[in-house]
Amino acid sequence: MSRAKQVYDWFDSRLDLENGQTFLGKAFPAEDSFLMGEVAVFCFLLLILTGVFLGFFYEPSTSAVQYDGSVAQFQGEEMPEAFVSVLHITYTVPFGMFIRRLHHWAAHLFVASIGLHMLRVFFTGAYRNPREPNWVVGTGLAVLAMGAAYTGYALPFDEFAATATGIGYNLTVSVPLIGDFLAEIVFGGEFPTSATIPRLYFLHVLVIPLLIMGGLALHMFILIRQKHTEAPREDDVETGREAIDRENDDVIVGLPAVPNQAAVSAVVFFLTAATLSLLAGLLPVHNVAEYGPNDPAATPELIMPDWFLMWVYGFLKLLPGIAIDLGPIHINSEFLGGIVLPGLVFAAILAWPFIDRTPEVHFTADPLDRPWQTAVGVAAVAFVMIASIAGMNNILANQVLDVSTSVVNPILSAALLTVPTLFGIATYLLLREDDPATPPETDGEDVAADGGPGEVVRRG
């Protein structure tokens, strides 16, 4: 058999490429909804809508202009146009501050909901055969979501954002051989230049959103092509036509996409919008007026990224100064901590379904019945949490323990290596007594059949 035929057969066994299927016939298990995935989609929709509004008033330029707006402390000063436009949005445009806050919290919830969704998929084993392709797509979406947040973070071009963006520039140029080329593409050359903000704005409002839309479309396409995972049934199911055996994995018992699941999704959308509106109305976001415009000669006292990149910052804080010259190849701590280690983390996440290889499965699993997989997940969460704490080592040392960072860094380094291992071993030992086998999956015909009231029994 040729390699191309093997690749086609692998995808066909997971996506049923030779058979057609309509979305209206899709069944969504009522007892096992992947709620956070829907929240992520709705956050992205709100990000698009609020981003369009903000785009009408934002100026992606670092050219100096005189400010004559409503913030008294900057009256008559010449400042970067990007910074001035954000002040205008925040303090002059009607509802500008609310929309900017809504955009901010939607971005945070977008990243958080993707992360929680992936954790839920991981711990319930919903990534297993035949759903490996969607796990790979989801991992790519998580990376793109963080990339979108990072590029948007720089756009106000205030003192804090510019300094934090400079860290990203330093990581980019640290890549051996191609670092300067990558920095030229992303940042327009040595940071900051007049091309930096236009480049990041272009990535933030066009390139990355298009990639995310494509990823979400592919994610949904794969979901529709495949059977939806279903929680194990407690008993046989009466659908009105026939009794479905609790272990029969040829069918899905759940809600039809239209109108039942569509109504549920509408409720989730309005709850998501209401929650974000409440956050936007009550909680402030990054105060650009407090930090002031970018000043290359100054550095804010406290610089740290948002929470979803804090673990990467922790790697940078804990790695000792490293400089290795191998001819034209120069390797330093920034490359190892900011590029290599995060890359290995995402590579492990991407490869996980191909490490935990199982026969074809339909039902989700109880994490308590998966000792070693759950142990790996607990260890991974502990690893990221400790690395994130390391990213805030200055707060931990100076404000909590009243010591220097040189005291806490060795402790955090030791904890990063030992605590996840201990957590993983403890989890495995607690769960290893109960590890039932998962019933095998059988192939079926992908045809929708009518169920009882509010139910669909889906074959295939």
TODO: Determine whether Leu216 and Met213 make a side-chain contact, defined as any pair of heavy atoms from C-beta on separated by less than 4.5 Å.
DONE: no
- [ ] Hey, could you give me the CZ/CG distance between Arg370 and Asp356, rounded to the nearest 0.5 Å?
- [x] 5.5 Å
Task: Side chain Arg100, main chain Val285, donor-acceptor under 3.5 Å - done: no
Task: Test log, rule side-chain contact (heavy atoms from CB on, under 4.5 Å), inputs Val41 and Phe44 - done: CA-CA 5 Å; Val41 173; Phe44 182 68; 5.8 Å; no
Task: Which atom of Tyr291 lies closest to which atom of Asp158, heavy atoms considered - done: CB-OD2, 3.4 Å
Open item on the list: Show, in sequence, the C-alpha distance, side-chain angles and deciding distance for Tyr127 and Glu132, and conclude whether the side-chain contact (heavy atoms from CB on, under 4.5 Å) test is met.
Closed with: CA-CA 6 Å; Tyr127 56 81; Glu132 306 99 317; over 6 Å; no
Open item on the list: Distance check, rounded to the nearest 0.5 Å: Thr374 atom OG1 versus Arg432 atom CZ?
Closed with: 15.0 Å
Open item on the list: As an exercise, state the distance from CE of Met146 to CZ of Phe110, rounded to the nearest 0.5 Å.
Closed with: 11.0 Å
TODO: Identify the heavy atoms of Phe187 and Gly168 that sit nearest to each other, and give their distance.
DONE: CZ-C, 3.8 Å
Task: Any Asn409 side-chain heavy atom under 4.5 Å of Val407 side chain - done: no
Open item on the list: For Ile389, is there any backbone N or O sitting under 3.5 Å from a side-chain donor or acceptor partner on Asn393?
Closed with: no
Open item on the list: Before you tell me yes or no, could you show the steps for His103 and Leu54 under side-chain contact (heavy atoms from CB on, under 4.5 Å), namely the whole-Å CA-CA distance, both residues' side-chain angles and the distance that decides it to 0.1 Å?
Closed with: CA-CA 9 Å; His103 191 78; Leu54 297 174; 3.8 Å; yes
Task: CH2 on Trp311 to CG on Leu341, rounded to 0.5 Å - done: 9.0 Å
Open item on the list: I'd like to know if the side chain of Thr196 reaches the main chain of Pro192, judged simply by a donor and an acceptor atom lying under 3.5 Å from each other, with no hydrogens or angles considered.
Closed with: no
- [ ] Looking only at non-hydrogen atoms, find the nearest pair between Leu200 and Thr151 and report the distance.
- [x] O-CB, 3.9 Å
TODO: Using the side chain to side chain donor-acceptor pair (under 3.5 Å) rule, collect all pairs that involve residues 276-285, keeping only residues at least two apart or in two chains.
DONE: none
- [ ] Run the ring-centre check on His330 versus Phe335 and record whether the distance is less than 6.0 Å.
- [x] no
Open item on the list: Other residues, nucleotides and ligands only: do more than 12 of their heavy atoms fall within 6.0 Å of CG on Asn287?
Closed with: yes
- [ ] Please report the closest heavy-atom contact between Gly424 and Ala375, naming both atoms and the distance.
- [x] O-CB, 3.2 Å
Open item on the list: For Phe42 and Phe269, take the angle between the two ring planes, folded into 0 to 90°, and tell me which bin it lands in: parallel under 30, tilted 30 to 60, perpendicular over 60.
Closed with: perpendicular
Open item on the list: Tell me whether Trp352 contacts the main-chain N or O of Ala347 through its side chain, where contact means a donor paired with an acceptor under 3.5 Å.
Closed with: no
TODO: State the CG-CG distance between Leu401 and Leu396, to the nearest 0.5 angstrom.
DONE: 4.5 Å
Task: Side-chain donor or acceptor of Arg199 paired with backbone N/O of Ile185 under 3.5 Å - done: yes
- [ ] Answer whether the closest heavy-atom distance between the side chains of Leu45 and Leu47 falls below 4.5 Å.
- [x] no
Open item on the list: Does the plane of the ring in His117 sit parallel, tilted or perpendicular to the ring in His219? Use 30° and 60° as the thresholds.
Closed with: perpendicular
TODO: For the residue pair Met36 and Arg120, establish whether any side-chain heavy-atom pair is separated by less than 4.5 Å.
DONE: no
Open item on the list: With a 3.5 Å distance limit and no angle check, can you tell me whether His204 reaches the backbone of Ala148 through a side-chain donor-acceptor pair?
Closed with: yes
Open item on the list: In this structure, is the centre-to-centre distance between the rings of Phe315 and Phe383 below 6.0 Å?
Closed with: yes
Open item on the list: Side chains of Tyr150 and Asp306 only: does a donor on one sit below 3.5 Å from an acceptor on the other?
Closed with: no
Task: Atom pair CD (Glu334) and OG1 (Thr172), whose distance is rounded to the nearest 0.5 Å - done: 10.0 Å
Open item on the list: Quick one, Pro305 and Val312 - any side-chain contact, counting heavy atoms below 4.5 Å?
Closed with: no
Task: Note, Tyr428 side chain near Val376 side chain (heavy atom, < 4.5 Å) - done: no
Open item on the list: Using every non-hydrogen atom in the two residues, find where Cys43 and Ala106 come nearest and quote the distance to one decimal.
Closed with: CB-O, 3.8 Å
Task: pair Leu350-Trp135: side-chain heavy atoms closer than 4.5 Å - done: no
Open item on the list: For Ala397 versus Val408, what's the shortest heavy-atom pair and its separation?
Closed with: CB-CG2, 3.9 Å
Open item on the list: Please determine whether the number of non-hydrogen atoms from other residues, nucleotides or ligands lying under 6.0 Å from atom CZ of Phe181 exceeds 12.
Closed with: no
Open item on the list: I'd like to know if the side chain of Ser333 and the backbone of Pro320 have a donor-acceptor N/O pair within less than 3.5 Å.
Closed with: yes
Task: Crowding at CE, Met392 (>12 non-hydrogen neighbours, <6.0 Å) - done: yes
Task: Verdict with supporting geometry, Val268 and Thr272, side-chain contact (heavy atoms from CB on, under 4.5 Å) - done: CA-CA 6 Å; Val268 173; Thr272 302; 4.0 Å; yes
- [ ] Find out whether Ile324 and Asn332 are in side-chain contact, i.e. whether some heavy atom of one side chain is under 4.5 Å from a heavy atom of the other.
- [x] no
